[in-house]
Student: 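Structure incoming, see below.
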There are 2 protein chains.
Amino acid sequence: MSYQNTSLIKICLVEDDNIIREGFVMLLNENQGFKVVSAYNNCEDFLRNVQTDKPNVVLMDIELPGMNGIEGIERTKKIYPHAQIIVVTVYENDDLVFKALCAGAGGYLTKNMPSQRLIEAIREIMGGGAPMSTNIARLVVASFQKNHNSPLSSRETEVLELLSRGKSYSNIAEGLFIDKETVRTHIKNIYWKLEVHSKAEAIEKAMKEKLI
Amino acid sequence: MSYQNTSLIKICLVEDDNIIREGFVMLLNENQGFKVVSAYNNCEDFLRNVQTDKPNVVLMDIELPGMNGIEGIERTKKIYPHAQIIVVTVYENDDLVFKALCAGAGGYLTKNMPSQRLIEAIREIMGGGAPMSTNIARLVVASFQKNHNSPLSSRETEVLELLSRGKSYSNIAEGLFIDKETVRTHIKNIYWKLEVHSKAEAIEKAMKEKLI
DNA sequence: CTGAATCTCACCCAATTTGGGGGGATTTAA
DNA sequence: TTAAATCCCCCCAAATTGGGTGAGATTCAG
């Protein structure tokens with residue numbers, strides 16, 4: 001087996017803004033134990049070289065010419081799953097954050113951070129963490145929480161929950177030890193309260209409003 | 001409107017270990033701007049007083065005599081949603097973390113942290129963040145990510161995704177601009193690959209293995 | 001180039017599910 | 001004592017579902 005300096009963290013950058021990219025390169029290389037192996041201004045070039053660059057950490061922008069960062073994260077994870085990817089962007093948009101995390105990002109920083117935070121973040125992700133900006137962490141945690149102003153009763157919520165897991169009325173009845181007809185009544189009431197007329201609509205609305 | 005010192009953070013503790021609880025009280029009260037209004041060794045007593053204590057932040061243990069912390073978080077959020085709750089526990093169990101966050105926890109720390117981290121965490125949660133221990137943050141972020149070793153093709157995954165949202169075969173066919181019969185074929189193949197024989201089983205298995 | 005995998009569509013059948021309509025009983029909290 | 005929540009029952013017709021079988025087209029790696 002060849003020698004590997006485990007304390008040297010190899011970093012790739014994917015960032016189209018020349019100023020920011022070069023700034024990051026300098027900042028990181030100043031740091032003992034960090035080595036920026038390559039810096040790209042687009043995903044395509046990065047993806048062509050990731051397997052030879054063998055980065056431990058990738059700092060990836062989202063808004064990029066050509067392929068966007070989300071797609072870039074997905075592809076990176078497919079061909080070089082070993083890399084830890086930290087998104088560095090100006091966007092604090094909910095949707096983008098979740099897409100990035102689903103695609104495989106291991107951290108998410110906004111560009112308004114103090115530059116020292118970048119250093120910490122890289123150490124953090126190599127140490128088994130998931131560096132996030134304050135607001136991002138809040139977004140992520142909030143995504144687990146349910147709406148406390150649900151129009152549905154707790155029993156109705158329970159029924160809808162099971163319905164959303166693909167259970168049939170009979171399944172639900174068994175699971176809750178009630179009659180199938182009772183389940184039907186609950187579902188009728190759910191539809192009435194949510195102003196929908198089908199399972200799919202009910203689940204969609206319930207998901208969007210975080211009722212389940 | 002009555003005078004409110006916005007810089008004074010009122011804290012409640014719920015922790016059954018006397019040593020730890022008293023340690024936290026001292027640690028926090030030493031800090032300018034923090035005031036421990038009450039410290040309880042069980043949830044029941046805390047819940048009876050939360051509306052008069054009016055804490056900004058609650059530090060809550062999970063393993064407690066009587067009502068457990070998860071239940072405690074839920075009830076607190078129901079009767080006093082304003083409070084930010086930080087779980088402080090020894091457990092790093094996946095299931096417990098997600099249950100706590102779903103119940104309404106805004107942060108999650110493990111007791112092996114440096115005590116200074118507690119101070120930071122309280123500032124962090126008051127500043128709109130979501131303080132988490134390193135490993136917890138990783139758990140949370142990982143929960144968004146899909147299994148990269150899925151036996152399903154991308155089309156099959158797409159179909160199963162829509163199925164899990166309660167869509168019927170016809171709905172899915174419309175959504176993907178393919179024939180209903182094709183959807184049926186995909187689903188048959190999904191069932192074969194996942195070794196299941198119904199929608200509910202397929203969704204359950206897919207969720208558990210993070211295929212969708 | 002060949003074979004495996006994937007994606008697409010078709011037709012058969014029977015059982016189950018679903019949505020909508022109606023009616024009622026009991027408990028519980030405001 | 002109302003209103004709500006929860007529970008149960010009946011009817012019906014349309015739609016959905018699961019299983020079987022077969023088959024053309026494309027893509028992709030060995």
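Chain A is the first sequence line, chain B the second, and so forth, proteins listed ahead of strands; every chain is numbered from 1.
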Student: Quick one: A:N171 CG to C:dT17 C1', roughly how many Å, whole number?
Tutor: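 Whole-Å distance recorded here is 11 Å.
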Student: Would one find a side-chain N or O of B:H186 under 4.0 angstrom from OP1 or OP2 of C:dT6?
Tutor: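 Answer no for this pair, as no side-chain N or O of B:H186 is under 4.0 Å from OP1 or OP2.
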Student: Round to a whole Å and report the spacing from CD of B:E201 to P of D:dG18.
Tutor: 9 Å
Student: So if I define the base as every atom that isn't primed, P, OP1 or OP2, how would nucleotides 18-30 of chain C read as a B/S/- string at a heavy-atom cutoff under 4.0 Å?
Tutor: SBBBB--------
Student: Once the angle between the rings of A:F144 and B:F98 is folded into 0 to 90°, is it parallel (under 30°), tilted (30 to 60°) or perpendicular (over 60°)?
Tutor: parallel
Student: Expressed in angstrom and rounded to an integer, what is the separation of A:R155 atom CZ from D:dC8 atom C1'?
Tutor: 13 Å
Student: Mind calculating the distance between CD1 (B:I178) and C1' (C:dT6) to the nearest angstrom?
Tutor: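 Going from B:I178 (CD1) to C:dT6 (C1'), I get 12 Å.
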Student: Can you tell me the distance, in whole Å, between the CG atom of B:N189 and the P atom of C:dT6?
Tutor: 8 Å
Student: Name all pairs fulfilling the salt bridge (charged side-chain N to carboxylate O under 4.0 Å, His left out) condition that reach into residues 75-96 of chain B, sequence neighbours left out, sorted by first residue then second.
Tutor: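 For residues 75-96 of chain B: B:E71-B:R75, B:D95-B:K99.
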Student: Which residue lies toward the 5' end of DNA chain D, A:K193 or A:D179, if each is placed at its nearest nucleotide?
Tutor: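 On the 5' side of the pair lies A:K193.
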Student: Is a donor from one side chain sitting under 3.5 angstrom from an acceptor on the other, for B:D53 and B:Y40?
Tutor: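 B:D53 vs B:Y40: donor-acceptor pair found between side chains.
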Student: Do B:E124 and A:T134 get their side chains close enough for a donor-acceptor pair, meaning under 3.5 Å?
Tutor: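 No donor-acceptor contact under 3.5 Å links the two side chains.
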Student: Side chains of A:N135 and A:R138: any donor to acceptor distance under 3.5 Å?
Tutor: no
Student: Categorize B:S153 for me: base, sugar-phosphate, or nothing, with a 4.0 angstrom heavy-atom threshold over every strand shown.
Tutor: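 Counting heavy atoms under 4.0 Å across all strands, the contact made by B:S153 is with sugar-phosphate only.
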Student: Measure CH2/B:W192 against P/D:dG20 and give the value in whole Å, please.
Tutor: 13 Å
Student: I'd like to check the side-chain contact (heavy atoms from CB on, under 4.5 Å) partners of B:E156; sequence neighbours left out, ordered by chain and number.
Tutor: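 For B:E156 the side-chain contact (heavy atoms from CB on, under 4.5 Å) partners, ignoring immediate neighbours, are B:L152, B:S153, B:H186, B:N189, B:I190, B:K193.
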